[in-house]
Amino acid sequence: MDRVALTQKNHRLAKELSDLRVKHREETKVVSRLTMENMNLASRCRQAISEAADLKRKVGAYEKRHGEFGNLQKEVLLLRRQIERQHGNTANGSSGGGAGVVGG
C-alpha cells in the first residue's frame with residue numbers, strides 16, 4: 001500500500017509541477033509584454049518631455065518678442081504724440097502761439 005500511495009503522490013506532484021511550469025511560461029509572456037509596453041511608454045514620455053521643453057523655450061521666446069513689441073508700440077505712440085504736438089504747435093504757432101493739441 002505504501003508503494004501505491006507513493007506512486008499516486010508522485011503523479012500528483014508531477015502534474016502540479018507541469019501545471020506550475022505552464023503557469024510560469026504564461027506569466028513570463030505577460031511580464032515580457034508588460035516590459036515592452038513599459039519601454040514604449042518610457043520612450044513616449046521622454047519624447048513628450050522633450051517636446052514640452054521645446055515648447056516652453058518657444059513660449060519664452062514669444063513672450064520676449066511680445067514684450068519687445070509692446071515696448072515698440074509704446075515708442076510709436078509717443079512718437080506719434082510728439083509729431084501731433086509739433087504739427088499742432090506749428091499750426092498754432094503761425095496763428096499766434098497756441099498751447100498745442102489738448103488731450104494727446
Side-chain angles (χ1 to χ4, degrees):
M1 199 66 166
D2 279 337
R3 184 177 175 137
V4 172
L6 287 174
T7 302
Q8 289 175 345
K9 185 174 183 179
N10 187 35
H11 285 296
R12 184 177 49 82
L13 290 174
K15 182 173 180 359
E16 188 177 334
L17 177 62
S18 177
D19 292 344
L20 288 172
R21 284 180 177 158
V22 170
K23 185 176 179 180
H24 178 264
R25 193 176 319 117
E26 290 171 357
E27 288 177 351
T28 300
K29 288 178 186 177
V30 170
V31 167
S32 295
R33 182 181 54 82
L34 291 175
T35 300
M36 291 301 290
E37 287 179 18
N38 187 39
M39 290 171 61
N40 185 29
L41 288 173
S43 175
R44 289 171 56 192
C45 284
R46 284 190 299 273
Q47 182 180 0
I49 289 168
S50 175
E51 289 175 9
D54 187 47
L55 290 173
K56 185 177 179 181
R57 181 187 55 77
K58 286 180 181 179
V59 165
Y62 287 134
E63 286 175 343
K64 182 179 177 184
R65 281 189 198 166
H66 183 69
E68 291 170 353
F69 180 72
N71 290 338
L72 289 174
Q73 282 182 318
K74 289 176 187 175
E75 288 181 36
V76 167
L77 182 60
L78 291 173
L79 289 172
R80 284 184 181 166
R81 287 181 182 166
Q82 288 177 354
I83 291 169
E84 288 172 0
R85 286 186 189 125
Q86 288 175 354
H87 286 308
N89 284 343
T90 304
N92 289 335
S94 62
S95 65
V101 177
V102 177

What's the spacing between [X] [atom1] and [Y] [atom2] if we round to 0.5 Å?
X: C45; Y: N40; atom1: SG; atom2: CG; answer: 9.5 Å
X: D2; Y: K9; atom1: CG; atom2: NZ; answer: 11.5 Å
X: E27; Y: K29; atom1: CD; atom2: NZ; answer: 12.0 Å
X: E63; Y: F69; atom1: CD; atom2: CZ; answer: 16.0 Å
X: K74; Y: L79; atom1: NZ; atom2: CG; answer: 14.5 Å
X: Q82; Y: R85; atom1: CD; atom2: CZ; answer: 7.0 Å

(message) Under a 3.5 Å distance rule, please check whether T35 uses its side chain to pair with a backbone N or O of V31 as donor and acceptor.
(response) yes

(request) Taking S32 for its side chain and T28 for its backbone only, find out whether a donor-acceptor pair lies under 3.5 Å. (result) yes

Could you pull out all donor-acceptor pairs under 3.5 Å where a side-chain atom in residues 11-24 meets a protein atom, sequence neighbours excluded?
unit_1	atom_1	unit_2	atom_2	d
K15	NZ	D19	OD2	3.2

(message) Check this for me, if you would: do R33 and E37 make a salt bridge, where the nitrogen-to-carboxylate-oxygen distance has to be below 4.0 angstrom?
(response) yes

(request) Sort out for me which residue in M39, Q47, R46 forms a side-chain contact (heavy atoms from CB on, under 4.5 Å) with S43. (result) R46

